[in-house]
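For the single chain, residues carry numbers from 1 onward in sequence order. Model, not experiment: these values are computed from the prediction.
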Amino acid sequence: MIKLLFFAQLSELAGCDSTEAEFQNGLTPRMLVDQLESDMPAELIEALRFDAVMVSVNKVMAGWDDTLSADDEVAFLPPFSGG
């Protein structure tokens, strides 16, 4: 299983801060979003596909096409604003 974490407005769209997903060999964060499409709200999936959303794997920034491993923790981070 892969643990998924959603932050800020993404957690509001998901209706939760975290969930789990099945692991498959060769899985990437981009493929993971496709896999979640049938189980999560459409608004969340649309937001995750937005280019400004960042992904981290095991607390290290990662690319959307990086290969995941079983038991990884994948966090989806919305665009940050500051001042």
Side-chain angles (χ1 to χ4, degrees):
M1 294 297 274
I2 293 176
K3 183 173 183 177
L4 307 177
L5 304 174
F6 304 103
F7 289 90
Q9 68 265 34
L10 296 177
S11 66
E12 293 173 19
L13 293 173
C16 61
D17 293 333
S18 65
T19 190
E20 292 186 335
E22 290 290 325
F23 172 76
Q24 301 169 356
N25 285 329
L27 189 65
T28 67
R30 188 178 315 278
M31 293 166 60
L32 186 57
V33 170
D34 292 340
Q35 179 178 315
L36 293 173
E37 192 167 12
S38 62
D39 298 326
M40 300 299 280
E43 296 84 8
L44 172 66
I45 300 304
E46 183 178 328
L48 291 175
R49 289 183 173 145
F50 182 59
D51 288 338
V53 171
M54 295 179 292
V55 64
S56 76
V57 177
N58 302 323
K59 300 181 179 156
V60 176
M61 296 311 293
W64 281 95
D65 296 313
D66 290 353
T67 303
L68 300 173
S69 298
D71 299 320
D72 276 348
E73 178 183 83
V74 178
F76 296 102
L77 309 161
F80 295 98
S81 64

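Within the 4.5 Å cutoff, no side-chain heavy atoms of Glu43 are placed close to those of Glu12. Counting only heavy atoms from C-beta outward, the side chains of Asp17 and Leu5 never approach each other to under 4.5 Å. Residues Leu36 and Leu4 are in side-chain contact: their nearest non-hydrogen atoms beyond the backbone lie under 4.5 Å apart. Residues Met61 and Leu77 meet the side-chain proximity criterion, which asks for heavy atoms closer than 4.5 Å. Counting only heavy atoms from C-beta outward, the side chains of Ile2 and Leu27 approach each other to under 4.5 Å. By the 4.5 Å heavy-atom criterion applied to side chains, Asp72 and Phe23 are not counted as neighbours.
Remark: Glu73 CD is packed, more than 12 non-hydrogen atoms of other residues, nucleotides or ligands lying under 6.0 Å away.
For Leu48 against Phe6, the heavy-atom pair with the smallest separation is CD1-CE2, 4.3 Å. The shortest non-hydrogen separation linking Leu32 to Ala21 is CD1-CB, 3.7 Å. Shortest non-hydrogen contact noted between Asp66 and Pro29 is O-CD, 3.1 Å. Nearest heavy-atom pair across Gly26 and Thr67 is CA-CG2, 4.1 Å.
Here the CZ-CG distance, from Arg30 to Leu68, works out to 12.0 Å after rounding to the nearest 0.5 Å. Note: Lys3 NZ to Thr19 OG1 = 10.0 Å, rounded to the nearest 0.5 Å. Rounded to the nearest 0.5 Å, atoms CH2 (Trp64) and CZ (Phe76) are 5.0 Å apart.
Note on Met31 and Leu10: same hydrophobic cluster, where clusters join Ile, Leu, Val, Met, Phe, Trp and Tyr whose side-chain heavy atoms are under 4.5 Å apart, directly or indirectly. Clustering ILVMFWY residues whenever any of their side-chain heavy atoms sit less than 4.5 angstrom apart, transitively, puts Val55 in the very cluster that holds Ile45. Criterion: ILVMFWY side-chain heavy atoms under 4.5 Å apart, direct or through other members. Under it, Phe7 and Leu44 are not part of a common hydrophobic cluster. The hydrophobic clustering, which links ILVMFWY residues whose side-chain heavy atoms are closer than 4.5 Å, places Val60 and Val74 apart.
Proximity of a side-chain donor or acceptor of Gln35 to a complementary backbone N or O of Glu22 within less than 3.5 Å is detected.
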